[in-house]
Amino acid sequence: MSQLHVNHIKSQVESDYTNLIDLSDTNAKDKQLENFFLTRALAAYSLEHHSQITPRTAAESIVDGSGDNGIDAIYYDAKSKYLFLVQSKWIHNGKGQPENGEVKKFISGIKDLLNFRFDRFNDKVKNKEVIIKNAICDPKTKYQIILTYTGINDLAEPSRRDFADLLQELNDASELVYLSIFNQKRIHSSLVISSENLEPIDLTIQLKCFGKITEPNIGFYGQVNGVEVYSWFDKYRKRLFAKNIRGVLGETDVNKEITQTLDENPEHFWFFNNGITLISDSIEKNMVGGASTDVGQFLCNNLSIVNGAQTVSSIGKFGEENPKKLENVYVPVRIIQLNGAEENFGQKITKANNTQNRVKNRDFVTFDLEQTRIREELLIDGIDYRISRGEYENNDKISFELVESTTSLACASNDISIVVQLKREIGVLWDDLENAPYKKLFNPMVTGRFVYNCVRTQRIIEQSIKAKELLLESGRDKSIVIHGNRVISMLVFNTIDTKKYKENKFDFDNPKLLEVMDNKVSDIFELIKGIIDSDYEKAIIVTLFKNKTKTNDIFEKIKVANNVYKK
């Protein structure tokens, strides 16, 4: 049946992408021209499916051609902060999979792109250089790698191993990169969903250990298996969240924690996760499970997820490489029926579920007595230190908040492990208020004036780092400054006598202070660049400074240099 499936796929992409795919660079005819079209159209369709963009936008993302360095399509979704990278292989007979050499070329191209080696790419990629650089320089960007092909076979072990090595390298510090093997089976399954356009989603959901609420409105609750949740995401993507205020956007720390639980403690997922809330016009239980509440199946009409988008998207991304890894995952679920409820009840549920936010670890910092003391000390001097999340966000000369104070004290800490953690995920620094690293930053010896002066210094350093970035022409050098900003800041702090901060004797009004900082930043950058060029030439800068071992090695070598490090 594989040939029949390939014909179905071919009909779909021809219908969607004829007259949209640019073939002006091919100089090909007949069969060869058809191959170019089908390969590019498949890449575009894969983007359309994974990112839920229009066919025209997907077609405009094609970079396939001479000098593409193994990458056939590139698309950046600024709203969700996802950079999509696609390699496409059209296999006419529907058998086999991409050759390992093609996979290696794709992986090499990904590394070149992340390291800003645009001289290795064609003009199609270079025309997207600004967008790509901005995406890679944003620490919140996630990466979706898509290998799509019309062969029925699973990816061969050598290619799987190569991708596994790439993911291990890129995700050694935090979960940044996801892999989707979009083969014939998955492509063909998506065609039915694609043809439904924006028709209502009707799903049969199987709940384990379920219960029912009848007053004042009808609802069911229970547990749904992770493989089933993955299947929702794989089929419908963003359509699942059409009525969700935030969609799949938002807290990357949440997504990281969810993924970590899926990977390390799948059997504990039900205990750790807040679950999913769905609304449905109607809910009807079928006869599966009989009268028992151990298991039941529920037909849900016009269904939408109004809370739990982070959970569903994280499970979906995690399962794309191997859904079987989700077999031991169970997710708490509520399904609420709208028929028979008051008018606008669905909107009220959506609003309440998306505004009654979960408590974050930084919220507990509010109750730390050291924070209260620091805030009160600064208030005496007319300085506003905001601890609580949700307070007004404007920072000025006499105003700052917890994120800025934590960042500044971390950079002034002379502790590379804290700086690396700051770069990876600042929220971890607030996890345990009774022990390090939090207590190393906020303790009885840290005065309000010291915190404030560290913040003022950090602002000047960041201004100098930004100025240095603007002066650099090389994309890789810019990446070092952008992603190594916290390490640079720490090293600058270590050229300053911070004892003067406590005594308030540091001269922040010195007109040459910014020039001095500019010179310090420039000198430290040259040291770091020299070490990276010598010892980490092939390193991917996006993740380098999130790796504790590699960053510590760079730090120790700079200490040996001894010409900028005062300790």
Side-chain angles (χ1 to χ4, degrees), residues 49 52 189-249 269-270 273-316 319 323 326 329-356:
H49 173 74
Q52 299 291 284
S189 295
S190 73
L191 297 182
V192 177
I193 304 304
S194 176
S195 66
E196 291 176 354
N197 198 5
L198 294 179
E199 290 297 315
I201 295 175
D202 298 334
L203 278 178
T204 297
I205 298 176
Q206 182 163 299
L207 294 182
K208 175 184 174 184
C209 303
F210 70 88
K212 182 179 182 180
I213 300 294
T214 58
E215 296 292 340
N217 299 293
I218 294 175
F220 292 87
Y221 58 90
Q223 305 172 36
V224 66
N225 187 258
V227 176
E228 186 170 349
V229 175
Y230 159 75
S231 71
W232 303 346
F233 184 80
D234 188 46
K235 290 180 180 179
Y236 296 104
R237 301 276 162 168
K238 293 180 181 179
R239 285 183 56 200
L240 288 168
F241 318 115
K243 299 176 184 177
N244 188 307
I245 293 172
R246 292 177 294 182
V248 296
L249 304 179
F269 195 86
W270 183 88
N273 188 263
N274 290 333
I276 305 166
T277 299
L278 307 97
I279 56 175
S280 178
D281 284 353
S282 64
I283 308 170
E284 183 178 349
K285 183 182 181 303
N286 64 24
M287 294 303 295
V288 171
S292 171
T293 59
D294 291 343
V295 66
Q297 288 187 348
F298 301 84
L299 176 60
C300 303
N301 296 306
N302 193 16
L303 175 144
S304 181
I305 294 171
V306 296
N307 187 252
Q310 313 304 324
T311 295
V312 174
S313 61
S314 295
I315 290 173
L326 295 166
V329 172
Y330 282 90
V331 188
V333 170
R334 295 187 304 160
I335 313 173
I336 301 169
Q337 179 172 294
L338 300 183
N339 286 354
E342 64 183 275
E343 188 177 0
N344 297 325
F345 188 53
Q347 294 178 11
K348 292 178 180 179
I349 294 171
T350 303
K351 182 178 180 181
N353 275 270
N354 284 279
T355 56
Q356 297 176 8

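- The two residues V329 and N225 make their nearest non-hydrogen contact at O-ND2, 3.3 Å.
- Ring-plane geometry between F210 and F298 is classed as perpendicular, the angle between the planes exceeding 60 degrees on a 0 to 90 degree scale with a lower cut at 30.
- Distance CZ/F269 to CD1/I315: 4.0 Å, rounded to 0.5 Å.
- How far CD1 of I205 is from CG of L299: 9.5 Å, rounded to the nearest 0.5 Å.
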- Message: Applying side-chain contact (heavy atoms from CB on, under 4.5 Å) to C300 and I335, what does each step give before you reach the verdict?
- Response: CA-CA 9 Å; C300 303; I335 313 173; 4.0 Å; yes

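- Separating the OG1 atom in T311 from the CD1 atom in I276 is a distance of 6.0 Å, to the nearest 0.5 Å.
- Across every non-hydrogen atom of G340 and N217, the tightest pair is O-OD1, 4.3 Å.
- Among all heavy-atom pairs drawn from K285 and G290, the shortest one is NZ-O, 3.2 Å.
- With hydrogens and angles ignored, the 3.5 Å screen pairs a side-chain donor or acceptor of E228 with a backbone N or O of Q206.
- If you take OH on Y236 and OG on S304, they are separated by 12.5 Å, rounding to the nearest 0.5 Å.
- Distance CD1/I305 to OG/S313: 9.5 Å, rounded to 0.5 Å.
- Of the candidates N301, L303, N302, N302 is the only one forming a side-chain contact (heavy atoms from CB on, under 4.5 Å) with P200.
- Rounded to the nearest 0.5 Å, atoms CD1 (I213) and CD (Q337) are 13.5 Å apart.
- In this structure, P323 and Y230 approach most closely via the heavy-atom pair CG-CE2, 3.4 Å.
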- Apply the test side-chain contact (heavy atoms from CB on, under 4.5 Å) to residues V229 and V333: give CA-CA distance (whole Å), side-chain angles for both, the deciding distance (0.1 Å), then the verdict. CA-CA 10 Å; V229 175; V333 170; 5.7 Å; no

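- Side-chain atoms of H49 never come within 3.5 Å of backbone atoms of L191 as a donor-acceptor pair (strictly under, hydrogens ignored).
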